[in-house]
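So the structure is just underneath, and the comments pick up after that.
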2 protein chains.
Amino acid sequence: MSGAAHLTLTTDVVPFAIHGERLEVLLARQAADWRLPGGPIAAGEELDAAARRYLAAQTGLNDVYLEQLYTFAQPKRHAGQRMVTVAYFALVSTDFPSDDGAPADRQAHWIAVNELPAQAPDGAEIVALAHRRLASKLAYSTIALQLMTEHFTLSELQAVHETILGETLDKRNFRKRILALDCIEQTGALERRRGHRPARLFRAKRPGQVDFIK
Amino acid sequence: MSGAAHLTLTTDVVPFAIHGERLEVLLARQAADWRLPGGPIAAGEELDAAARRYLAAQTGLNDVYLEQLYTFAQPKRHAGQRMVTVAYFALVSTDFPSDDGAPADRQAHWIAVNELPAQAPDGAEIVALAHRRLASKLAYSTIALQLMTEHFTLSELQAVHETILGETLDKRNFRKRILALDCIEQTGALERRRGHRPARLFRAKRPGQVDFIK
DNA sequence: ATATGAAGGTGTAGTTTTTACACTATTATC
DNA sequence: GATAATAGTGTAAAAACTACACCTTCATAT
């Protein structure tokens, strides 16, 4: 029974977003360096409530998709100071402000998953596990929609899949597969960008809900 | 930071085995009632080490397959007494002694998942989640082999799948699928039971290892 | 006005995977 | 030697997946 007194239970969140063909993680400034958002869980606080609280406080993110990932006992840093962290990942839609042209003094910034700084205990391991989990969930759930803006084109959705998986997909097969899931619908509107045919816009049929498929 | 002092981090383990076409969970006696094996995690102890320790101490089980399931913040029971439990599930081979004809004073006993007693906080929820996780893993891993004895017949393996899934499977299709995975091999021996043709015995090619398939 | 560049959008044939389905083989017992 | 019980096996139809190429629509430049 005696272990409890020396123990700090914390949460760490891996906030993912896709920015320009890159899978990025939002890190928060803590003292001198950049770390995953998170911190100690308060007495009586729900675990996911703590994760949301730190995400909001340290990065300004609200109303994101959040999913528990794994719980890690971190190696002791100081004698008798035991840290256990309940890791989560969050999916942030692409239109949450990215870093392009941001002032240097901001408290949070996006960084590509393959360019993470040497980091806090378990940081890289947590991100890697979250990335794997996300990639495998693409195959059997509609989780990718949580990374999209309210309206999006099929090409954008395909790019999100490709970025997470790290491989290119066939356009026709991808569309067939996604449309067969009956998880998105046309808005009727078109997205017009310069220099080519406008793309049809889609939206999630059940936004905020992740369905399992197969 | 103040939450830590009131917090007890515990582990709970859902030990599964199949006994005679039933999926059963091994409960440990604690005071007056039967609960999932588990208890507080000691300072400096690895999480899965704690799970193994309680499993061994409270039920006598050793060397089982163990996998982290989910972490739950339990509702407070007394003011200021916060419990957080890291839940695991364990897979126990069918030949670990079942309860048939056991003395009434034993410290652990198997009970079918659908006959669990009204239980400790989260007990039923943890078992239900573990069952769902196990069932879904049958589809994309060789995890079912962890429930088998060293040698087993294909019919036994099929019965294990059927029990976990709660549905019957086609014998020919099941065998084709399992053999295509290249995860088991014939021992050459036969299991002879009374009154019918003897069955070929198989063993896992990589015992103790769970492979992902597809 | 017309040509060009850039992404959007579409169908089909071949292959592989999955499903449904029924009978013979081998043993112990009566 | 008949019976009861489980072991063991193949094939055809359906469904899912894969590979693959061309026309459309817009903006821009000439």
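For clarity, every value in this text was computed on a predicted model and none was experimentally measured. Just so it is clear: chains get the letters A, B, ... in the order the sequence lines come, proteins before strands, and each one is counted from 1.
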### Query
CD1 of B:Ile178 versus P of C:dT18: gap in Å, rounded?
12 Å
### Members of residues 195-204 of chain B that approach DNA chain D, where some heavy atom sits under 4.0 Å away
B:Gly195, B:His196, B:Arg197, B:Pro198, B:Ala199, B:Arg200
### Message
Check whether A:Tyr88 reaches the backbone of A:Thr11 with its side chain - one donor and one acceptor, N or O, closer than 3.5 Å.
### Response
no
### Task
Any chance you could measure A:Gln146, atom CD, to A:Phe89, atom CZ, to the nearest 0.5 Å?
10.0 Å
### Task
Answer yes or no: side-chain N or O of A:Arg193 and base N or O of D:dC26 forming a donor-acceptor pair under 3.5 Å.
no
### Task
Say whether, by atom type as modelled, one donor and one acceptor occur between the side chain of A:Ser136 and the main chain of A:Arg133 under 3.5 angstrom.
yes
### Test side-chain contact (heavy atoms from CB on, under 4.5 Å) applied to A:Asp12 and A:Gln74, step by step
CA-CA 12 Å; A:Asp12 282 292; A:Gln74 298 178 334; 4.1 Å; yes
### Query
Could you state the CG-P distance from A:Leu169 to D:dA19, rounded to the nearest angstrom?
11 Å
### Query
What integer distance in Å separates B:Leu190:CG from C:dA25:P?
17 Å
### Summary
B:Gln158 atom CD is separated from D:dG8 atom P, nearest whole Å, by 11 Å
### Message
Is a donor from one side chain sitting under 3.5 angstrom from an acceptor on the other, for A:Thr149 and A:Asp95?
### Response
no
### Message
Looking only at the side chains, is there a donor atom on one of A:Arg200 and A:Ser155 sitting less than 3.5 Å from an acceptor on the other?
### Response
no
### Query
Between the base of D:dA21 and the side chain of A:Arg172, is there a donor-acceptor distance below 3.5 Å?
yes
#### Entry: Closest to side chain of A:Arg194, choosing from C:dC21, D:dA21, D:dA27
D:dA27
### Message
From CZ of A:Phe174 over to C1' of C:dG8, roughly how many Å is that when rounded to an integer?
### Response
14 Å
### Message
Measure CG/B:Leu179 against P/D:dA7 and give the value in whole Å, please.
### Response
14 Å
### Task
Return the 5'-most residue of the pair B:Asp170, B:Arg177 with respect to DNA chain C, ranking by each residue's nearest nucleotide.
B:Arg177
#### Entry: Any A:Arg175 side-chain N or O less than 4.0 Å from OP1/OP2 of C:dG9
yes
### Task
Could you state the atom-to-atom distance from CD of A:Glu191 to P of D:dC26 in whole Å?
14 Å
### Query
For the base of C:dT16, is there a side-chain donor-acceptor partner from B:Lys176 under 3.5 Å away?
no
### Query
Is the shortest side-chain N/O distance from A:Ser155 to OP1 or OP2 of C:dG8 below 4.0 Å?
yes
### Message
Expressed as a whole number of angstroms, how long is the span from A:Lys171:NZ to C:dG11:P?
### Response
13 Å
### Message
Quick check for you: to the nearest 0.5 Å, what is the distance between A:Thr153 atom OG1 and A:Glu191 atom CD?
### Response
5.5 Å
